Trainee: 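Okay, here's the structure, questions in a sec.
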Amino acid sequence: MRKVYLDHSATTPVDPKVAQVMVEYMVEHFGNPSSIHSFGRAARKAVEDARAKVAALINAQPNEVIFTSGGTEADNLALRGVLTANKKKGSHIITSKIEHHAVLTTCHQLEKEGYTVTCLDVDASGLVSPEDVRRAITPETVICSIMMANNEVGTLQPVGEIAAVCREQGVIFHTDAVQAVGSVPVDVEDLGVDLLALSAHKIYGPKGIGALYVRRRTRINPILVGGSHERRLRAGTENVPGIVGLGAAAELAREQMPVQAEKIQRLRDRLAEGLLKIPHSRLNGHPTRRLPGNLNISIEYIEGESILLNLDMKGIAASSGSACTSGSLEPSHVLLAMGVPHEIAHGSLRFTLGRGNNEEDVDYVAKVLPEIVERLRSMSPLYQAASTREGDLTRV
Ligand code: PLP
């Protein structure tokens, strides 16, 4: 059976070139970077070379890059690290309703510990307004965290404008750029951000490794303590194979991004054209300010989960906008924050394209999905009821 992977926002395959260098640093150059002998020195050099490659991808200085265990830890370190180091300034955090749980759950936890959190609304396309950020800032505000690209609907935030508002008001600005890095150009100097989180497994690198960019002179404490690794900001023997893998993936992303982004966007648009012909389907997110590989649609009158299972039976991997919480399906917090009604959010699907996809993949999905939808709708009491009420819905 044909296999089509359209879930690159969940994770990407490790590029074979990345895997190859990782193996070298597991089997051959296995030293501890803190050791002073030749084995240790080889590992240290590899870690520092990787740091330079990650820095180059986002236009940072190498000593502004702290390796972490992934995007989640980078987000936790940014928020908690900055808040505990700036207690004298205040205890107010600004974020948005559409952040990844790595940020949202950290903020909820901090709230329980006595911090105050303002969670900003977004508009119908998923955009945070820089003016809302300005209005939310108080003399107590320490940090504002707004993601660069949303993982569900792909909306790209006006991060540069928000960072400028924060800088003007003396607020530290963090952006979760886990989905943006490697897909769109990210330049920390142009954007003017103070902190930025990224993750290797979204850019054809391994899982369990990421980084936090920390602008020089930003006051921040570690959350993991022990040895003096990572400029005392993240204790623990470095994950050398992971770091080397992230470095190699960053280098490939830098080389390939311009060509790949254009190709991926063309395929995404072709898929959108095919799928949005399905009656009672709609695009979620911003029509143009979105990640090149992201297509999020809602198909009314059926559950996204049933569609996913049927797509899986045809070898197609995608994801839905619902999450299973204590046995029941909860619609995505992102779609709900954008004002998408519950029943439409339940019928949402996310297709995220990547380097390995081609036109045949897209055309296969555009052929298979309408057939699945027709079959499921023919069994859907909701659809039958709506058809009786409104006439033949397929002709609308
Ligand atoms: N932030 C965003 C926007 C993400 O999409 C993800 C992963 O899905 C994360 C953070 C967490 O990254 P990691 O899986 O490396 O912990």
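Numbering of residues begins at 1 and proceeds along the displayed sequence. For ligands, and for the atoms within them, numbers begin at 1 and follow the listed sequence. In this text the structure is predicted, and so the values were computed from the model without any measurement.
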Trainee: Taking the non-hydrogen atoms of Lys202, is any one of them nearer than 4.0 angstrom to ligand 1?
Mentor: yes
Trainee: For the residue pair Phe39 and Phe30, does the interplanar ring angle fall in the parallel (under 30°), tilted (30 to 60°) or perpendicular (over 60°) class?
Mentor: tilted
Trainee: Any atoms of ligand 1 less than 4.0 Å from a non-hydrogen atom of Ser199? List them with their elements.
Mentor: 13 (P), 15 (O)
Trainee: Please report which non-hydrogen protein atom sits nearest to atom 14 (O) of ligand 1, along with the residue it belongs to and the distance in Å to one decimal place.
Mentor: His201 NE2, 2.9 Å
Trainee: Any salt bridge linking Glu48 with Arg51? Criterion: basic side-chain nitrogen under 4.0 Å from a carboxylate oxygen.
Mentor: yes
Trainee: Indicate yes or no: does an N/O atom of Asp176 lie under 3.5 Å from an N/O atom of ligand 1?
Mentor: yes
Trainee: If I apply the N/O under 3.5 Å rule, does Asn151 come out as touching ligand 1?
Mentor: no
Trainee: Does a salt bridge link Glu238 with Arg44, judged by any charged N lying under 4.0 Å from a carboxylate O?
Mentor: yes
Trainee: If you measure from the Lys or Arg side-chain nitrogens to the Asp or Glu carboxylate oxygens, is any gap between Asp269 and Arg266 under 4.0 Å?
Mentor: no
Trainee: State, with a plain yes or no, whether a side-chain heavy atom of Arg289 is found less than 4.5 Å away from one of Ser125.
Mentor: no
Trainee: To which protein heavy atom is atom 6 (C) of ligand 1 closest, and what is the distance rounded to 0.1 Å?
Mentor: His100 NE2, 3.3 Å
Trainee: For ligand 1, which atoms, with element, lie under 4.0 Å from some heavy atom of Gly70?
Mentor: 15 (O)
Trainee: Check the angle between the aromatic planes of Tyr383 and Tyr301 and answer parallel, tilted or perpendicular using the 30° and 60° thresholds.
Mentor: perpendicular
Trainee: For atom 11 (C) of ligand 1, what is the nearest protein heavy atom, given as residue, atom name and distance?
Mentor: Thr72 OG1, 3.4 Å
Trainee: Can you tell me which residue and heavy atom of the protein come closest to atom 5 (O) of ligand 1, and the distance to 0.1 Å?
Mentor: Gln179 NE2, 2.8 Å
Trainee: If we only count heavy atoms from C-beta on, is the Leu353 to Val362 side-chain gap below 4.5 Å?
Mentor: yes
Trainee: Which of these, Gly71, Gly210, Ala177, has its nearest heavy atom closest to atom 12 (O) of ligand 1?
Mentor: Gly71
Trainee: For Met147, counting its heavy atoms only, list the atoms of ligand 1 lying under 4.0 Å from any of them.
Mentor: 3 (C)
Trainee: So, Gln61 and Arg216: side-chain donor and acceptor under 3.5 Å apart, yes or no?
Mentor: no
Trainee: May I ask you to identify, for Val103, whether its side chain, its backbone, both or neither come under 4.0 Å of ligand 1 on a heavy-atom basis?
Mentor: neither
